[in-house]
There are 2 protein chains.
Amino acid sequence: MDTLPGKTVERLSQYRRRLLNLVEENVEYIFSHELAAILHITAVQVRRDLMLLGFSSVYRKGYPVKKLIEVIGQRLDSESGQNVAIIGMGNLGTALASYLTGLRPKLRIVALFDIDENKKGLKIGGVKCYHVSEMGKVIKSKKISIGVVTVPQTSAKKVASQLIKSGIKGILNFTHIPLEVPSDVYLEEYDMITSLEKVAYFVKKKKK
Amino acid sequence: MDTLPGKTVERLSQYRRRLLNLVEENVEYIFSHELAAILHITAVQVRRDLMLLGFSSVYRKGYPVKKLIEVIGQRLDSESGQNVAIIGMGNLGTALASYLTGLRPKLRIVALFDIDENKKGLKIGGVKCYHVSEMGKVIKSKKISIGVVTVPQTSAKKVASQLIKSGIKGILNFTHIPLEVPSDVYLEEYDMITSLEKVAYFVKKKKK
DNA sequence: TAACAAATGTGAAAGAAATAACAATAAAAT
DNA sequence: ATTTTATTGTTATTTCTTTCACATTTGTTA
C-alpha cells in the first residue's frame with residue numbers, strides 16, 4: 001500500500017477528529033462540502049483525499065461517518081497500536097499528557113518521565129511518571145516506539161540521544177533546540193513561536 | 001513590498017531563532033549550508049529564502065548573523081510591534097505565557113485571561129492575569145491585535161467570538177474546536193494530536 | 001599570475017499540492 | 001417519463017515549492 005503525502009496525512013487526522021465529534025452528535029452521513037467547511041478547505045480537497053483512501057460515498061447521502069472513521073484508522077494507525085512516552089512533566093508535558101491519554105486507542109500514552117525525583121510515581125490521566133534515569137529500561141519493557149520531548153532546552157539533546165539509544169523510532173520535538181536523529185528515526189519538530197510569528201506576519205500584511 | 005509565501009515565513013522565523021542562539025555563541029558569519037544543516041533542509045532552500053529578502057552574503061565569509069537577524073526582523077515584525085493576549089491559563093496557557101514572554105521584543109505578551117477568579121491578579125513572567133469578563137476592555141485599552149486561545153473545548157467558540165468582537169486581528173487556536181472567523185481576521189490552528197498521528201504514521205511506514 | 005576552490009545567486013526544470021472542469025450518477029421534481 | 005438537481009470521482013490544469021545546474025565571484029594555492 002502506497003505512502004500518503006504528508007499533507008494528506010495531516011488532513012486525514014483532522015477529518016477523523018471532526019468525524020468523531022459528529023458521531024457524538026449522531027450524525028450518520030456527511031457531504032464533502034460540509035466536512036470542508038468545518039476545516040476551512042475546499043470540497044475538492046476532501047474528495048481528493050478520500051479518493052486516495054479509495055473511499056466512496058453513498059449517493060446523495062454523503063460519506064458514512066462511522067465507516068469513514070474506520071477507514072482512516074486502517075490507513076493511519078498501526079494494527080496493534082503504538083506506545084508513546086512523554087518526557088518532561090512541566091506545564092507543556094502535563095498538558096499533553098492529560099490531553100493525549102486515552103484519546104486514540106491505537107496511540108497509547110504508557111509512560112511519563114521527569115528529572116524531578118518528587119514527580120516519580122505521580123500519575124497524570126492514570127499514567128505513571130518515572131525518573132528519567134529509568135528511560136532505557138521502561139522504553140524497552142513497554143515497547144515504546146514514539147517519544148514526545150517537552151523538556152527544558154538544556155536537556156533536550158541529552159534526552160533525544162537517550163531515546164534514540166533506547167530504540168525509539170519517532171520523536172515529536174516541542175523544545176526549541178534542533179535535534180539530530182539517524183535516518184531510521186522519524187523526527188517532527190513543532191515550534192510555537194513560529195506559529196505566533198506567522199500569525200503576526202499575516203496580521204501585519206492584512207492591515208495594508 | 002511583496003507578501004512572502006507562508007512556508008518562507010515559517011522558515012525565516014526558524015532562521016532567526018537559530019541565529020539568535022548563534023549570536024550568543026559569538027558566531028559572526030554563517031554559510032548557507034551550515035544554517036541548512038541545523039534546520040535539516042538544503043542550502044539552496046536557505047539561499048532562495050534569503051534571496052526573497054534581497055539579502056546578500058559577504059564573499060567567502062557567509063551571511064553576517066547580526067545583520068541577517070535584523071533584516072528578517074524588518075520583514076517579519078511590525079515596526080511598532082504587536083500586542084498579544086493569551087486566553088486560558090491552564091497548563092498549556094501557562095507554558096506558553098512563560099515561554100513567549102519577553103522572547104521577541106516586537107511581540108509583546110501584555111495580558112493573560114482566565115475564567116477562574118482566583119487567578120485574577122496572578123502574574124506569569126511579569127504579565128498580569130485578568131478575568132475573562134474584562135477581555136473586551138483590556139484588549140481595547142492595551143491595543144491587543146493577536147489572541148492565543150488555550151481554553152478548554154467548551155468555551156473555545158465563546159472566547160473566539162469575544163475576541164473578534166473586541167477587534168482582534170489574528171487568532172492562534174490551540175483548542176481542538178474548529179473556529180470561524182471573518183475574513184479580516186487571520187486564523188492559524190494547531191493541533192498536537194495531528195503532529196503525533198503524523199509521527200505515528202511515518203514510523204509505521206518506516207518499519208516496512 | 002594562472003589554475004583552483006568555495007560559495008553564492010538565480011534561471012530553468014521538476015515535483016508536489018491545490019483547484020478547476022466536467023462527465024457520471026441517481027434521486028427528486030415536474 | 002423526462003428534466004432538473006445535487007453531488008461525486010477523476011482527469012486535466014494551474015499554482016506553489018523545491019531542487020538542479022551552472023555562471024559568477026573572489027580568495028587561495030601552486
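Note that these values count all heavy atoms, side chains included, but never hydrogens, waters or copies made by symmetry. Quantities reported herein were computed from a predicted structural model and do not represent experimental measurements. Lettering of chains follows the sequences in order, A, B, ..., and the numbering in each one begins at 1.
In this structure, OH of B:Y29 is placed 15 Å from C1' of D:dG27, rounded to the nearest angstrom. Rounded to a whole Å, the NZ atom of B:K7 is 11 Å from the P atom of D:dT19. For the pair A:F55 CZ and D:dG9 P, the computed distance is 9 Å after rounding to whole Å. Atom CE of B:M51 and atom P of D:dT19 are 15 Å apart (whole Å). Regarding A:E10, its CD atom lies at a distance of 10 Å from the P atom of C:dA17, rounded to whole Å. Remark: P of C:dT10 and CG of B:L53 are 12 Å apart, rounded to the nearest angstrom. Following rounding to the nearest Å, A:E34 (CD) and D:dT8 (C1') show an atom-to-atom distance of 14 Å. Separating the CG atom of A:L68 from the P atom of D:dT8 is a distance of 12 Å, rounded to the nearest angstrom.
For A:E197 and B:R16, the salt-bridge test passes: some basic side-chain N is under 4.0 Å from an acidic carboxylate O. Ion pairing of B:E70 with B:K67 is present here, as a side-chain N (NZ or NE/NH1/NH2) and a carboxylate O approach within less than 4.0 Å. The residues B:D184 and B:K169 are annotated as salt-bridged, a charged nitrogen and a carboxylate oxygen being separated by less than 4.0 angstrom.
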Inset, instruction - Go through A:K137 and A:E134 one step at a time and tell me if the salt bridge (Lys or Arg N to Asp or Glu O under 4.0 Å) criterion holds. - result: CA-CA 6 Å; A:K137 194 185 71 192; A:E134 301 174 273; 3.5 Å; yes
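The base of D:dT19 is paired with the side chain of B:R48 by a donor and an acceptor separated by under 3.5 Å.
Looking at heavy-atom distances under 4.0 Å, B:T8 makes no contact with the nucleic acid at all.
A:T94 and B:N91 share no donor-acceptor pair across their side chains, judged by distance under 3.5 Å alone. At a cut-off of 3.5 Å, with distance as the only test, no side-chain donor of A:Y190 or A:N173 sits close to an acceptor on the other residue. Residues A:Y186 and A:E188 bring a donor and an acceptor atom of their side chains to less than 3.5 Å of each other.
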Nucleotide N/O to protein N/O under 3.5 Å, stretch nucleotides 3-7 of chain D:
residue : atom : partner : partner atom : Å
D:dT5   : O2   : A:R60   : NH2          : 2.2
D:dA6   : O4'  : A:R60   : NH2          : 3.0
D:dA6   : N3   : A:R60   : NH2          : 3.1
D:dT7   : O2   : A:Y59   : OH           : 2.8

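Within a 6.0 Å radius of CD in B:Q153, more than 12 heavy atoms belonging to other residues, nucleotides or ligands are found.
Using a 4.5 Å cut-off on side-chain heavy atoms (C-beta onward), B:L92 and B:F174 make contact.
Within residues 39-46 of chain B, the residues approaching DNA chain C are B:V44, by heavy-atom distance under 4.0 Å.
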